[in-house]
Each structure stands twice: as structure tokens, then as C-alpha cells.
Asks: 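The structure that follows is given in the form of C-alpha cells.
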Amino acid sequence: MSHEHESNVGRIWKVFGLLSIITIVEVILGIVKPEVLQFNTFLSMGLLNWIFIILTVYKAYWIMWAFMHLEGEAASLRWAVVGTLVFLVIYLVFILLVEADYIFEIFKNSTIKWNF
């Protein structure tokens, strides 16, 4: 029995192009740092940081979807992988916000000065 193997070269290049465009946008935003995004906050974190988190999660999703071949798996496995990612990202962002706010308050109200 021989199985025909379907070439995914075109699909790989499309995913590569999408991930490259998102990475270029992230790099440009990191270099330019627009004041509108940098100094406006949402949930105690700058909008620029939120954009980086969202774009990074989007890239991680596409890497899992395309290169870990999740599109061909059962829906329950896809949800197990993507659900875990979503839970961990929400958890890590929560820790980031709580700890960053705590450290900011410590340095703001103490005699210890910022040295970083």
C-alpha cells in the first residue's frame, strides 16, 4: 500500500509569512514605542505591553496549530492544548500584574530609589 503525501510547502510559507509579519510589527513597536501606547495603562500595565502579550500568544497559537499539526487532531485534544495555553497565560499575566504593582508600591513609598 502506498500513501500519497500531500505537500504543505505553500502552507508552511504562508504561516512563516504571517509569523514574520507579526514579529516585524513587534520589533517596530519595540523600537518606536509610541507614547500613546506606552504611557496609557489598562489593568496597571501599559497598552504596549498588552499588545506584546496578545501578539505573542497569537504567534504561539499559530505555531501550535500549524507546526504541531493540531488542525488535524480531535477537537478534545485541540481544546486540551489551547485551553492549557490560555489558562497559563492568564495566570502568568495575573502574577505579573500583582507582583509588578506590589514592587512599584514598595519603591514608590520607601526611601529605596529606583536603580533599574
Side-chain angles (χ1 to χ4, degrees):
M1 281 170 64
S2 71
H3 296 283
E4 279 191 45
H5 181 69
E6 186 178 316
S7 177
N8 288 326
V9 174
R11 185 172 169 279
I12 290 171
W13 279 109
K14 288 176 187 172
V15 172
F16 173 75
L18 176 69
L19 296 176
S20 296
I21 289 170
I22 293 171
T23 302
I24 290 169
V25 168
E26 286 178 332
V27 169
I28 289 172
L29 285 175
I31 292 172
V32 174
K33 294 182 184 174
E35 288 187 24
V36 172
L37 298 175
Q38 190 173 6
F39 297 114
N40 289 328
T41 60
F42 177 71
L43 294 176
S44 300
M45 195 165 58
L47 292 177
L48 188 60
N49 290 340
W50 281 111
I51 289 173
F52 285 143
I53 290 171
I54 291 167
L55 289 177
T56 302
V57 168
Y58 187 72
K59 285 193 320 187
Y61 173 78
W62 270 102
I63 289 169
M64 287 187 317
W65 187 258
F67 298 119
M68 291 176 61
H69 308 288
L70 286 181
E71 71 272 24
E73 296 295 337
S76 58
L77 178 63
R78 283 190 301 222
W79 274 109
V81 173
V82 174
T84 303
L85 172 73
V86 169
F87 172 75
L88 287 175
V89 167
I90 290 171
Y91 179 68
L92 291 173
V93 168
F94 172 76
I95 289 175
L96 174 78
L97 291 174
V98 169
E99 294 298 322
D101 192 48
Y102 172 75
I103 290 176
F104 177 76
E105 291 298 324
I106 293 293
F107 280 112
K108 185 175 101 175
N109 297 325
S110 72
T111 58
I112 302 171
K113 299 296 178 202
W114 292 91
N115 59 357
F116 50 89

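The basis for the numbers below is simple: all heavy atoms, side chains too, and nothing from hydrogens, waters or symmetry mates.
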Asks: Taking only distance into account, with no hydrogens and no angle test, what donor-acceptor pairs under 3.5 Å do side-chain atoms of residues 23-40 form with protein atoms, sequence neighbours excluded?
Replies:
from: Thr23; atom 1: OG1; to: Leu19; atom 2: O; distance (Å): 2.8
from: Thr23; atom 1: OG1; to: Lys59; atom 2: NZ; distance (Å): 3.1
from: Glu26; atom 1: OE1; to: Lys59; atom 2: NZ; distance (Å): 2.9
from: Glu26; atom 1: OE2; to: Thr56; atom 2: N; distance (Å): 3.4
from: Glu26; atom 1: OE2; to: Thr56; atom 2: OG1; distance (Å): 3.2
from: Asn40; atom 1: ND2; to: Val36; atom 2: O; distance (Å): 2.8

Asks: Give every donor-acceptor pair under 3.5 Å between a side-chain atom in residues 62-75 and any protein atom, sequence neighbours left out.
Replies:
from: Trp62; atom 1: NE1; to: Tyr58; atom 2: OH; distance (Å): 2.9
from: Glu71; atom 1: OE2; to: Arg11; atom 2: NH2; distance (Å): 2.8

Asks: Taking Tyr61 as the starting point, is it possible to reach Trp79 by hopping between hydrophobic residues whose side chains are less than 4.5 Å apart?
Replies: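 No; tracing contacts between hydrophobic side chains, which count when under 4.5 Å, never links both residues.
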Asks: Which residue pairs satisfy the salt bridge (charged side-chain N to carboxylate O under 4.0 Å, His left out) criterion with at least one member in residues 85-96, sequence neighbours excluded?
Replies: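 The answer is none; no pair qualifies.
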Asks: Determine which pairs satisfy salt bridge (charged side-chain N to carboxylate O under 4.0 Å, His left out) with at least one residue from residues 36-52, sequence neighbours left out, and list them in order.
Replies: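 Sorted result for residues 36-52: empty, none.
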Asks: Extract all donor-acceptor atom pairs below 3.5 Å that involve side chains of residues 81-97 and protein atoms in other chains or at least two apart in sequence.
Replies:
from: Thr84; atom 1: OG1; to: Ala80; atom 2: O; distance (Å): 2.6

Asks: CD1/Ile22 to CD1/Ile54 distance, rounded to the nearest 0.5 angstrom?
Replies: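 Answer rounded to 0.5 Å: 12.0 Å.
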Asks: Just grab all the salt bridge (charged side-chain N to carboxylate O under 4.0 Å, His left out) pairs involving residues 86-99, residues at least two apart or on different chains.
Replies: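 Not a single pair qualifies under salt bridge (charged side-chain N to carboxylate O under 4.0 Å, His left out).
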Asks: Taking ring pair (Phe, Tyr, Trp, His ring centres under 6.0 Å) as the cut-off, I'd like each qualifying pair that reaches into residues 10-37, sequence neighbours left out, listed once.
Replies: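 Listed by first then second residue: Trp13-Phe16.
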Asks: Can you see which heavy atom on Phe42 is nearest to which on Trp50, and at what distance?
Replies: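 What the structure gives for the nearest pair is O-NE1, 2.6 Å.
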